[in-house]
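Data block below; observations after.
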Amino acid sequence: MATVRLRAEDIRARKGGVPLVCLTAYDTPMAKRVDPHCDLVLVGDSLAMVVYGLETTRGVTLDIMIAHGQAVMRGTERSCVVIDLPHGSYETSPGQGVASARRVFEETGCQAVKLEGGEEMAETVAAIVAAGVPVLGHIGLLPQKAESRGGFKIQGKDDEGAQQVYRDAAAIEAAGAFAIVIEGTVEQVAREVTLRSGVPMIGIGASPACDGQILVTQDMVGLFSDFTPKFVKRYVDAGALIEQAVGMYADEVRGGQFPGLEHCFGVPKTKG
Ligand code: KIV
């Protein structure tokens, strides 16, 4: 029987239920590994840092996000795939947001797009949803805006900050987002906003009370170790395993043990 892919509305219906499992993927092989375990797979603009070696999430284009989105769609069959609108592709006007979201949606066949921002982005979210493209919101710490806001700062630290987070969540929900990522926010504020909101809140550096959790897969499996935020739990050190395998290969090539004749063509099989 063919696998049924989760859609944005299925994710929305999970508010308050079994926590949503969400991870990032940027290519087909990783997508195939995470898809059987996830409800939602994000093609995040974090790929700028963990794949392209850039210092911030800025610097990836819509074309790059579309190419990686197509690769992830080829590697998934059950997860709801969401693709980030990159910095510079949606902030100028709702019309710009709609044009970018439509391109991503039509050229990849993904289930939804994500964009960063609270109250100030509500009109754009509403316009994209009205154009038929489901939107995952992203509030709290906004990596695309970290540079202009003095760095990666935890949000909701004082009453004014907490009220802003509540207003942002309410505005993005009212604009029609099917769920909202809340990143880098004081635990009690993330907990409260999860209680108040009618759509799933997906936490990263937020609260166990959120309706789901998301991590960058490369962080979680040890494939990106330039820096590790407090909210990351490393389940395996795949980077160390790869280095170990590469070291073994290098030793065998230099020592003449690889390739063996069993890796070569036209070599008669030895009897015995
Ligand atoms: O780009 C990304 O990977 C993200 C997650 C951190 C939520 O936005």
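Here, residue 1 is the first one in the sequence, and each next residue gets the next number. What you see below is based on every heavy atom in this structure, not just the backbone, and it leaves out hydrogens, waters and symmetry mates. Counting starts at 1 for both ligands and their atoms, in listed order.
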Give a yes or no on whether Lys15 atom NZ has more than 12 heavy-atom contacts from other residues, nucleotides or ligands under 6.0 Å away.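 Counting neighbours around NZ of Lys15, more than 12 heavy atoms of other residues, nucleotides or ligands fall under 6.0 Å, so yes.
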Record the part of Thr57 in heavy-atom contact with ligand 1 below 4.0 Å; permitted values are side chain, backbone, both and neither.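 None of Thr57 does.
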Should you measure from each heavy atom of [X], which atoms of ligand 1 turn up under 4.0 Å away?
| X | answer |
| --- | --- |
| Val216 | 3 (O) |
| Ile204 | 6 (C) |
| Gly44 | 1 (O), 2 (C), 3 (O) |
| His138 | 8 (O) |
| Lys114 | 4 (C), 8 (O) |
| Thr24 | 3 (O) |

Looking only at side chains, do Gln188 and Arg191 share a donor and an acceptor under 3.5 Å apart?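 Absent: no donor and acceptor within the cut-off.
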Any N or O of Ser46 that comes nearer than 3.5 Å to an N or O of ligand 1?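 N/O-N/O distance under 3.5 Å: yes.
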Answer yes or no: does an N/O atom from Tyr26 fall short of 3.5 Å to an N/O atom of ligand 1?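 No, no N or O pair falls under 3.5 Å.
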Name each donor-acceptor pair under 3.5 Å that joins a side chain in residues 1-14 to protein atoms two or more places apart or in another chain, with its distance.
| residue | atom | partner | partner atom | Å |
| --- | --- | --- | --- | --- |
| Thr3 | OG1 | Glu77 | OE2 | 3.4 |
| Arg5 | NH1 | Thr76 | OG1 | 3.1 |
| Arg5 | NH1 | Ser79 | O | 2.8 |
| Arg5 | NH2 | Thr76 | O | 2.7 |
| Arg5 | NH2 | Thr76 | OG1 | 3.3 |
| Arg7 | NE | Asp10 | OD2 | 3.2 |
| Arg7 | NH2 | Asp10 | OD1 | 3.2 |
| Asp10 | OD2 | Arg7 | N | 2.8 |
| Arg14 | NH1 | Asp39 | OD1 | 3.3 |
| Arg14 | NH2 | Val18 | O | 3.2 |
| Arg14 | NH2 | Asp39 | OD2 | 3.3 |

Can you list the residues that meet the side chain to side chain contact (heavy atoms under 4.5 Å, CB included) rule with Thr124, with sequence neighbours excluded?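 Partners of Thr124 by the side chain to side chain contact (heavy atoms under 4.5 Å, CB included) criterion, ordered by chain and then number, come out as Pro94, Leu115, Met121, Ile128.
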Could you tell me whether the side chain of Thr185 and the main chain of Glu183 form a donor-acceptor pair under 3.5 Å?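 Confirmed, Thr185 side chain pairs with Glu183 backbone.
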Is the backbone N or O of Glu119 less than 3.5 Å from a side-chain atom of Asp168, with the two atoms forming a donor-acceptor pair by type?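 It does hold such a pair.
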In terms of residue, atom name and distance, what is the protein heavy atom nearest to atom 7 (C) of ligand 1?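 The closest one turns out to be Leu42 CD2, 3.8 Å.
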So does Arg78 pair up with Asp35, basic N to acidic O under 4.0 Å?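 Salt bridge absent between Arg78 and Asp35.
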